[in-house]
Amino acid sequence: MSALEAEYRLDYFEENDFVRRECPECGAHFWTRDHDQELCGEPPCVEYSFIDNPGFEGEYSLEEMRENFLSFFEENGHERVDPYPVAANRWRDDVLLTQASIYDFQPLVTSGKTPPPANPLTISQPCIRMQDIDNVGKTGRHTMAFEMMAHHAFNTREDVDSDEYAYHGEVYWKDETVEYCDEFFTSLGADPEEITYIEDPWVGGGNAGPAIEVIYRGVELATLVFMSMEADPEGEYELKDGNRYSKMDTYIVDTGYGLERWTWVSQGTPTVYEAIYPEMIDFLTTNAGITHTDEEAALLHSASKLAGHMDIDEAEDMESARGEIAAGVGVDVSELEALMEPMEAVYAIADHCRTLAYMLGDGIVPSNVATGYLTRMVLRRTKRLCDTVGVDAPLDELVDMQAERLGYENRDTIRDIVRTEVEKYRETLERGGRRVEQLAQEYAERDEPIPTEELLELYDSHGIQPDMVEKIAEEVGASVEIPDDFYSLVAGRHDAGEAMRDTEERDERVAELPDTEKLYYEDQTRTEFEAVILDVIDRAEGFDVVLDQTMFYPEGGGQPADRGTISTDDGSYAVSDVQEDEGVVLHRVEEEPEKGALVRGRVDPERRQRLMAHHTATHIVGHATREVLGEHIRQAGAQKGVESARLDVRHYDRIGREQVKEIERIANHLVRDNVPVTEEWPHRNEAEAEHGFDLYQGGIPPGERIRLIHVAEDVQACGGTHVSRTGDIGAIKIVSTERVQDGVERLTFSAGAAAIEATQETEDALYEAAAVLDVSPAEVPGTAERFFEEWKARGKEIEALTEELAELRAGEGEVVELGEATAVIQRLDADSDELRATANALVGEGKVAVLGSGADGAQFVVAVPDGVGINAGEVVGTLADRVGGGGGGPPDFAQGGGPDAGKLDEALEDAPDVLKRVLNA
RNA sequence: GGGCUCGUAGAUCAGUGGUAGAUCGCUUCCUUCGCAAGGAAGAGGCCCUGGGUUCAAAUCCCAGCGAGUCCA
């Protein structure tokens with residue numbers, strides 16, 4: 001029994017003659033106008049009834065249905081809001097991708113800290129659900145990319161203070177929401193008797209509330225969620241997840257109408273894909289040369305229809321249901337599979353291309369982390385699908401077809417990224433293919449199967465799917481066994497070492513203090529101020545001073561804290577660090593000043609100036625980088641300093657030297673233009689409407705008003721301190737670029753005086769090199785190259801001379817006759833190369849060589865010609881032992897030595913005896 | 001953010017602490033009217049960089065740089 005039963009007793013249901021029923025199959029409670037209805041109306045209790053039997057008066061395309069929905073709610077008092085990016089990690093750090101329209105407003109709006117862009121509002125939000133990736137194309141109804149059409153209303157209880165939350169009062173609640181739903185259905189010509197409202201309380205992410213599933217002709221077309229509770233151990237409601245919840249001050253209408261499903265129902269096609277991607281499917285089937293006879297087409301149609309009637313929720317269900325379907329349409333399973341599989345691939349390609357268009361269009365750059373990695377996975381999967389089904393159109397063209405349809409303006413960049421990625425993938429496959437081939441050959445020769453361990457490494461370290469290994473291995477004749485739990489074995493390699501997250505508890509004493517007034521926003525060039533000490537907190541190291549107002553900038557937004565002094569009548573205190581704790585600024589000093597004292601604060605002006613210059617320069621470099629590399633450039637992190645600053649940007653390639661120069665040119669041009677740097681505090685909704693999401697390069701601040709910094713055309717939400725005109729920066733010098741991750745480039749640069757210092761450092765290195773070579777700086781590259789070439793030539797010459805010398809020396813040593821063999825024992829103080837060469841020369845003459853050198857410790861080389869029964873390694877071992885070392889090597893050529901050069905001669909004198917002893921031993 | 005793998009000739013890669021290797025490509029010659037092919041000879045290596053261990057490091061250890069890949 002639902003704990004929320006009373007929540008569903010709506011006046012609207014009462015007034016419109018609805019009845020509440022319990023489904024005898026699944027036990028769900030539902031509301032309907034049809035007094036004879038018994039079942040809940042949803043699979044598995046009932047089957048789809050809209051296939052080949054469209055549910056509305058007209059057929060709609062995706063675009064038409066979207067417009068229909070948005071304008072319906074617009075006419076009903078809702079403001080239309082532009083969709084948010086699919087990369088939800090741009091405004092929240094708990095998820096990567098946008099999976100529902102409500103994601104757009106979490107957590108700042110739903111918690112009441114920030115007002116919604118409009119209230120009530122309607123939106124059609126593109127979403128991506130990676131969880132469904134295996135089902136796409138197969139089940140007939142799953143897509144990875146979809147649009148969630150929605151209307152939202154944000155309410156607060158009347159009895160809370162009107163200024164406690166960013167919105168106040170009730171806009172509308174349950175009755176109106178259901179009424180809108182009913183009306184939207186009837187506006188499309190649907191029969192209200194066929195609509196079922198199922199009670200299905202919703203729980204998720206610490207929030208909960210009553211919710212209603214809206215079913216029409218067997219398919220769920222909308223979910224109406226009434227978010228109104230939060231997790232609370234003391235709460236009065238216990239919900240289906242076993243936790244207790246209590247009512248919140250805010251309550252939010254969160255609806256979701258699946259655009260694809262509505263479009264599908266309006267057309268009544270066997271699968272959702274045919275309804276939403278008709279042109280793309282035509283293009284792909286033609287391109288891949290897939291043709292069907294009328295008979296085959298009819299077969300496919302009825303097979304898909306049959307599948308549609310079943311409750312197929314997973315690709316696996318599909319596979320097991322195939323037999324049943326084949327029997328249903330009266331053909332062989334294999335015949336059916338041969339027909340369906342290429343079409344499933346085509347459906348998936350269409351869907352994946354749309355997913356990619358969303359991801360890349362919203363500025364995600366493929367990489368090996370986060371959303372970038374997901375994008376890369378989808379892209380590679382799509383490419384594989386294209387290859388297996390025989391689509392030979394370039395992938396960038398396919399993605400572009402979707403990007404065009406979705407109205408993206410950065411289509412050239414999207415294509416460029418796709419091309420780069422496809423090329424990278426091709427290289428990976430080529431590299432991997434060679435590797436597998438080699439490995440497979442090795443195991444084929446030994447007649448062993450390729451072990452699982454190798455498969456794991458191939459996948460984990462080299463990105464080669466096991467089935468690809470199988471294919472290649474087959475060609476070479478090696479066997480492979482892929483364990484069923486392969487992917488969990490992979491997971492096992494990634495030891496889940498949960499990192500400890502230290503949660504800092506807020507100091508209660510600080511919490512009671514009023515927010516510090518921030519003077520640094522009033523005049524960023526002033527460095528002196530007066531204030532009163534409100535409190536002094538004893539810390540493990542020093543004291544934190546809280547003032548009523550301050551000029552000191554606390555560390556934040558990648559800008560380090562100011563330093564300086566605060567002075568009272570009793571003395572002066574050096575401020576070594578400044579931090580902010582929810583509005584209260586803490587000044588770290590070593591000695592304890594008196595609470596309540598009047599102080600004069602003085603910020604280190606030189607440091608502040610340099611930090612401001614670097615901060616403004618960071619905006620300028622970001623702007624210049626975007627101009628040079630493209631609109632997709634987005635900040636991935638930044639850190640400002642006194643000597644230099646760094647800016648990490650997302651980009652799909654390395655930044656070349658020419659591009660660095662161009663960025664530097666544009667940045668410095670902006671500096672020379674000496675444009676004013678201005679700030680404003682607009683309402684966030686106006687700011688977003690005017691500048692879009694790119695405002696938030698360094699994260700999203702809460703609150704109704706946000707601070708914007710303008711530098712020429714560049715606008716960013718930013719809390720840092722800035723110079724007043726770009727000319728104050730003086731100059732910007734990019735010192736280095738590095739690839740900090742795949743898809744993230746780090747630009748390190750210096751501004752102002754630091755720029756000159758950085759340039760001087762580089763020049764010093766050049767001048768020093770020039771002085772060493774005794775040439776002018778301009779001649780350094782040429783000279784260095786010449787020296788390097790000459791050095792290499794000389795090395796070769798030495799090698800040749802060493803060999804010549806060795807031949808000449810070869811006769812100089814003491815000759816010892818050992819029966820049929822002759823040995824030469826010789827001391828020559830030279831390096832090991834020379835010893836080796838001499839030994840080789842002696843062996844060339846058919847003699848055993850025993851050579852010793854005292855040039856660097858004691859070294860031996862012993863070489864034995866073919867057919868002489870002496871183990872060189874053994875000889876060296878014995879000799880080296882005498883000089884306190886060791887040695888060894890193959891029987892015909894051994895080396896060794898030791899530190900005690902004084903015993904070298906002694907050892908060599910014993911050599912004849914050693915030789916005789918080991919001869920034929 | 002974490003794990004794993006790899007850096008050796010122009011390219012692709014072998015290499016087990018003990019003399020730096022193969023295949024393709026390149027140069028020259030032979031064969032040919034010429035080309036392809038074939039035959040012969042040859043050139044081409046700071047073995048990524050810097051430390052450490054060792055008598056001895058391409059090889060083992062550490063750090064850095066560069067590249068690839070899997071996971072969250």
Side-chain angles (χ1 to χ4, degrees), chain A residues 89 93-96 130 367-374 376-377 380 424-425 427-435 437-439 441-442 453-454 456-465 486-499 501 636-637 654 736-744 787-789 791-796 799 802-803 806 831-841 843 849 852-863 872-873 876-877 879-901 903-904 907:
Chain A
N89 62 342
D93 52 17
D94 55 338
V95 290
L96 294 177
M130 297 287 293
S367 76
N368 55 5
V369 291
T371 50
Y373 179 64
L374 299 180
R376 176 167 285 169
M377 287 296 89
R380 293 187 171 188
K424 277 191 186 176
Y425 187 43
E427 280 171 21
T428 295
L429 286 184
E430 211 178 84
R431 224 187 345 259
R434 280 193 305 258
R435 205 182 176 90
E437 221 169 294
Q438 214 164 15
L439 201 74
Q441 230 141 30
E442 216 172 282
E453 192 52 37
E454 295 279 10
L456 282 173
E457 182 167 323
L458 282 170
Y459 178 70
D460 201 18
S461 302
H462 305 284
I464 305 158
Q465 247 81 10
F486 182 79
Y487 288 95
S488 61
L489 287 175
V490 173
R493 282 167 71 101
H494 298 265
D495 253 8
E498 266 308 298
R501 186 187 282 184
R654 294 302 311 260
S736 70
T737 61
E738 59 183 318
R739 193 197 76 143
V740 65
Q741 275 169 359
D742 196 15
V744 181
F787 273 37
F788 189 56
E789 291 302 325
W791 174 77
K792 284 198 283 189
R794 225 157 274 196
K796 273 172 224 158
E799 208 178 316
T802 307
E803 265 171 56
D831 65 20
S832 53
D833 280 341
E834 269 186 69
L835 290 189
R836 276 201 293 264
T838 310
N840 279 334
V843 165
S853 160
D856 181 20
Q859 285 184 306
F860 299 103
V861 171
V862 174
V876 161
L879 296 178
D881 193 46
R882 302 283 173 84
V883 294
D892 63 327
F893 197 98
Q895 297 162 67
D900 197 350
K903 296 208 175 131
L904 177 62

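Just so it is clear: chains get the letters A, B, ... in the order the sequence lines come, proteins before strands, and each one is counted from 1. This is a predicted model, so every value here is computed, not measured.
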Practice task
Examine the base of B:U69 for any acceptor or donor lying under 3.5 Å from a partner atom in the side chain of A:Asn368, and report the outcome as yes or no.
Solution key: yes
Integer angstrom distance from the [atom1] of [N] to that of [M]:
N	M	atom1	result
B:A67	B:C30	C1'	44 Å
B:U59	B:G7	C1'	14 Å
B:C60	B:G45	P	25 Å
B:A37	B:U28	P	16 Å
B:A57	B:G17	P	14 Å
B:U12	B:G25	P	15 Å
B:U27	B:G64	P	43 Å
B:C4	B:G52	C1'	25 Å

How would you label the contact of [X] with the nucleic acid (heavy atoms, under 4.0 Å): base, sugar-phosphate, or nothing?
X	result
A:Val883	nothing
A:Gly857	nothing
A:Tyr459	sugar-phosphate
A:Ala858	nothing
A:Asn840	base
A:Arg654	sugar-phosphate
A:Gly889	base
A:Thr428	sugar-phosphate
A:Glu427	nothing

Can you name the residues that form a side-chain contact (heavy atoms from CB on, under 4.5 Å) with [X], not counting sequence neighbours?
X	answer
A:Leu429	A:Tyr425, A:Met468
A:Val744	A:Ala636, A:Asp648, A:Arg650, A:Val740, A:Gln741
A:Glu789	A:Lys792

Closest to side chain of [X], choosing from [options]:
X	options	answer
A:Val369	B:G68, B:G1, B:C13	B:G1
A:His462	B:G68, B:C46, B:U5	B:U5
A:Arg380	B:G45, B:U69, B:C70	B:U69
A:Arg836	B:C65, B:U12, B:U19	B:U19

Practice task
Take A:Asp881 and A:Lys903, measure what salt bridge (Lys or Arg N to Asp or Glu O under 4.0 Å) needs, and give me the verdict at the end.
Solution key: CA-CA 10 Å; A:Asp881 193 46; A:Lys903 296 208 175 131; over 6 Å; no
Practice task
Stems involving RNA chain B: give each as a range paired with a range, ordered by first number, where a stem means at least three consecutive Watson-Crick or G-U wobble pairs under 3.5 Å.
Solution key: B:1-7 with B:65-71, B:10-13 with B:21-24, B:26-30 with B:38-42, B:48-52 with B:60-64
Handout entry: Face-to-face contact A:Phe893 to B:U19 six-ring, under 5.5 Å, under 30°
Key = yes
Problem - A:Arg431 or A:Leu96, whichever maps to the more 5' nucleotide of RNA chain B - result: A:Arg431
Problem - A:Asp831 (side chain) donor-acceptor with A:Glu834 (main chain) under 3.5 angstrom - result: yes
To the nearest Å, give me how far apart [atom1] ([X]) and [atom2] ([N]) are.
X	N	atom1	atom2	result
A:Asp742	B:U69	CG	P	7 Å
A:Glu799	B:G45	CD	P	11 Å
A:Asp881	B:C55	CG	P	12 Å
A:Leu456	B:U69	CG	C1'	14 Å

Exercise for the section: Name all residues meeting the salt bridge (Lys or Arg N to Asp or Glu O under 4.0 Å) criterion together with A:Arg431; count only those two or more places apart in sequence or in a different chain, and write none if there are none. Expected result: none
Practice task
Could you pull out all residues at least two apart from A:Glu430 that satisfy salt bridge (Lys or Arg N to Asp or Glu O under 4.0 Å)?
Solution key: A:Arg426, A:Arg434
Practice task
May I ask you to say whether A:Arg376 pairs ionically with A:Asp742, meaning some side-chain N is under 4.0 Å from a carboxylate O?
Solution key: yes
Exercise for the section: Answer yes or no: are there more than 12 heavy-atom neighbours, outside A:Arg794 itself, under 6.0 Å from its atom CZ? Expected result: no
